[in-house]
Amino acid sequence: MSLSEITARITATAQAKGRDPADITLIAVSKVQPAARVEAVLQDGHRIFGENRVQEAQGRWPEFQSRFDGIDLHLIGPLQTNKARQAVEMFSAIHTLDRPKLAKRFADLAQERGTSPELFIQVNTGEEPQKAGCLPADADAFIADARSMDLPLKGLMCIPPVEEEPALHFALLAKIAARNGLTGLSMGMSADFETAIGQGATHIRVGSAIFGERAYD
Ligand SMILES: *Cc1c(COP(=O)(O)O)cnc(C)c1O
């Protein structure tokens, strides 16, 4: 599917749900995709991209940034505390804040640099042991904790379990955000971004539907 088809679907879904399409940010998830496919999407005028590894992003984006203005990179994969500095230097938003130690590190870096990326707290809504994110039961306390450190908290992020109905997870995330006064909701991928828009997503992370299937080797 092309970028313009995705954009058209976002607009149609938003309008059907009585939402303003301008309130939905499309993050084109370029991880693992060949440079030529990423370049084609840049040529189409898109500027907001998601990567899930700091190192991979560092390897590919400086060159694009020297040729295209206004590139805006979001980190959507788990982050090791020892890579936090590289991450805050490269990304305008980080969607995977999930533990106090990382929050403290971001706070120290914000203090030192005088600026911080926008942050989303990842919530492990499916309580899957292998998945990153704070548990739903710990979310309120962790949000308060991050706020007490003066971090620029934009909202919450989730990745629903593959085998489950995503709408239930999106609804849970929206509920936790609402009761904590957070407006950002990073949820919805290629297979379920329309469902996510219906549940209030403000940031959708779409990879394969834009770029084609990822070829891991
Ligand atoms: C890879 C990835 C996506 C994009 O997945 P698609 O199914 O290709 O759209 C979205 N969010 C996260 C966190 C990812 O790792």
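Atoms within a ligand are numbered from 1 in the order they appear, just like the ligands themselves.
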Could you please spell out the steps behind the side-chain hydrogen bond (donor to acceptor under 3.5 Å, both in side chains) verdict for R205 and S186? CA-CA 7 Å; R205 312 178 307 265; S186 169; 3.0 Å; yes

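- A salt bridge links K104 with D108; the closest basic N to acidic carboxylate O contact falls under 4.0 Å.
- Counting atoms of ligand 1 from 1 in the listed order, those under 4.0 Å from a heavy atom of K31 are 1 (C), 2 (C), 3 (C), 14 (C), 15 (O).
- For S208, a nitrogen or oxygen atom sits less than 3.5 Å from a nitrogen or oxygen atom of ligand 1, counting backbone and side chain alike.
- For ligand 1, none of its N or O atoms has an N or O atom of M157 under 3.5 Å away.
- Using 4.0 Å as the threshold, H95 has no heavy atom nearer than that to any atom of ligand 1.
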Take M187 and M157, measure what side chain to side chain contact (heavy atoms under 4.5 Å, CB included) needs, and give me the verdict at the end. CA-CA 6 Å; M187 58 190 199; M157 177 271 215; over 6 Å; no

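- A salt bridge links E194 to R9: at least one charged side-chain nitrogen sits closer than 4.0 Å to a carboxylate oxygen.
- In summary, the atoms of ligand 1 found under 4.0 Å from a heavy atom of R205, numbered by their order in the structure, are 4 (C), 9 (O), 10 (C), 11 (N), 12 (C), 13 (C).
- Among R214, E51, Q122, the residue whose heavy atom lies closest to atom 5 (O) of ligand 1 is R214.
- Set against the non-hydrogen atoms of S190, the atoms of ligand 1 under 4.0 Å away are 6 (P), 7 (O), 8 (O), 9 (O).
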CA sep, side-chain torsions, deciding dist, call: H74, F120, ring pair (Phe, Tyr, Trp, His ring centres under 6.0 Å): CA-CA 11 Å; H74 291 229; F120 291 81; 7.3 Å; no

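- When each atom of ligand 1 is checked for a heavy atom of V206 under 4.0 Å away, the hits are 9 (O).
- Within the listing of ligand 1, atoms 13 (C) sit less than 4.0 angstrom from a heavy atom of I159.
- Under the 4.0 Å criterion applied to side-chain N and carboxylate O atoms, R85 and E112 are assigned as salt-bridge partners.
- In this pair, H203 and H95 present their aromatic rings perpendicular. The plane angle is above 60°, beyond the 30 to 60° band.
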